[in-house]
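Report on one structure; see the data block that follows.
Order of listing sets the numbers, starting from 1, for every ligand and every atom in it.
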Amino acid sequence: MSSPADSVWERIQLTCGDITAWHGDAIVNAANRSLLGGKGVDGAIHRAAGPRLTDECRAIGGCMTGDAKRTGAYELPVRWVIHTVGPVWRGGGRGEEALLSRCHRRSLELAAEVGAQTVAFPAISTGAYGYPVDEAARGALPTVADFLSRHPIPQHVTFMLFSTAALDVWRRVLEELKQESMP
Ligand code: AR6
């Protein structure tokens, strides 16, 4: 992975809040392989989008870990939901980083396909799937920066953290990555 330029980091925003209230083109869902909904951010997205989202997901028939599928967003204030299945954390030696990276890359590919200019991600795998928050930031942020350095769309990516504690961790990791990528 090459070092992203300063302008790429400026296309990544970190914020804190409920992703179902975010206004933009697409949000990413931290789903499970059934795509039929669950707890955490998945439950919140399905509740806010309404039952037609679950119907569309049922017709897709599931998703592999590390892959992503795109649906409509129904009652949500975005145009698309991109459902990705993060890895369960098993200590870090079972390919978790590559799978988490693939989740982000596949989600951005599906967003770019439909011309989504603004995309928001939750901190995939850091809830029920147990991925440590700082490790998740170290997996997600360079992958997104690398994708953005190669593609003009999406123009902006937001990471919607669900607590100020998580936001602080992601901010620290982002600053470290920016420093590391300076020439
Ligand atoms: N907006 C933004 N972030 C949220 C929200 C929200 N409304 N709600 C929770 N988070 P998790 P996972 C954060 O457990 O670890 C589900 O049951 C949360 O604090 O939602 O990938 C699925 O069906 C955490 O930081 O997803 C799967 O079975 C992050 O979102 C399984 O959980 C991810 O936590 C997926 O587990």
Which atoms of ligand 1 have any heavy atom of Gly38 under 4.0 Å away?
17 (O), 23 (O)
Which of the ligand 1 atoms, numbered from 1, are nearer than 4.0 Å to a heavy atom of Gly17
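Listed by number with element: 1 (N), 2 (C).
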Tell me whether [X] shares a hydrophobic cluster with [Y], the cluster being built from Ile, Leu, Val, Met, Phe, Trp, Tyr side chains joined at under 4.5 Å.
| X | Y | answer |
| --- | --- | --- |
| Leu53 | Val85 | no |
| Val133 | Val28 | yes |
| Ile12 | Leu167 | yes |
| Phe162 | Met160 | no |
| Leu99 | Tyr129 | no |

To the nearest 0.1 Å, how far is [atom] from its closest protein heavy atom, and which atom is that?
| atom | result |
| --- | --- |
| atom 32 (O) of ligand 1 | Ala128 CB, 3.6 Å |
| atom 17 (O) of ligand 1 | Lys39 N, 2.7 Å |
| atom 7 (N) of ligand 1 | Asp18 OD1, 2.9 Å |
| atom 22 (C) of ligand 1 | Asp42 OD2, 3.5 Å |
| atom 26 (O) of ligand 1 | Ala30 CB, 3.7 Å |
| atom 25 (O) of ligand 1 | Thr126 OG1, 2.7 Å |
| atom 15 (O) of ligand 1 | Gly127 N, 2.8 Å |
| atom 13 (C) of ligand 1 | Phe162 CB, 3.8 Å |

If you count heavy atoms of other groups shown closer than 6.0 angstrom to CZ of Arg172, is the number above 12?
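Yes, CZ of Arg172 has more than 12 neighbouring heavy atoms, counting only those of other groups under 6.0 Å.
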Should we say atom CD of Glu135 is surrounded by more than 12 heavy atoms from elsewhere, each under 6.0 Å from it?
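Enclosed.
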Return the option from Ala136, Ala123, Ala48, Pro122 holding the heavy atom at the smallest distance from atom 33 (C) of ligand 1.
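Residue with the shortest heavy-atom distance to the ligand atom: Ala123.
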Just distances here: any N/O of [X] and N/O of ligand 1 closer than 3.5 Å?
| X | result |
| --- | --- |
| Ile19 | yes |
| Tyr129 | yes |
| Val41 | yes |

Compute whether any side-chain donor of one residue and acceptor of the other, for Thr118 and Trp22, lie under 3.5 angstrom apart.
no
Measuring from non-hydrogen atoms of Ser125 to any atom of ligand 1, is the shortest distance under 4.0 Å?
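Yes; Ser125 lies near enough to ligand 1 that a heavy-atom distance drops under 4.0 Å.
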Work out whether the distance between some heavy atom of Ser34 and some atom of ligand 1 is less than 4.0 Å.
no
If you measure from the Lys or Arg side-chain nitrogens to the Asp or Glu carboxylate oxygens, is any gap between Asp55 and Arg58 under 4.0 Å?
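Looking at Asp55 and Arg58, the cut-off is met.
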Salt bridge or not for Glu109 and Arg106, using N-O below 4.0 Å?
yes
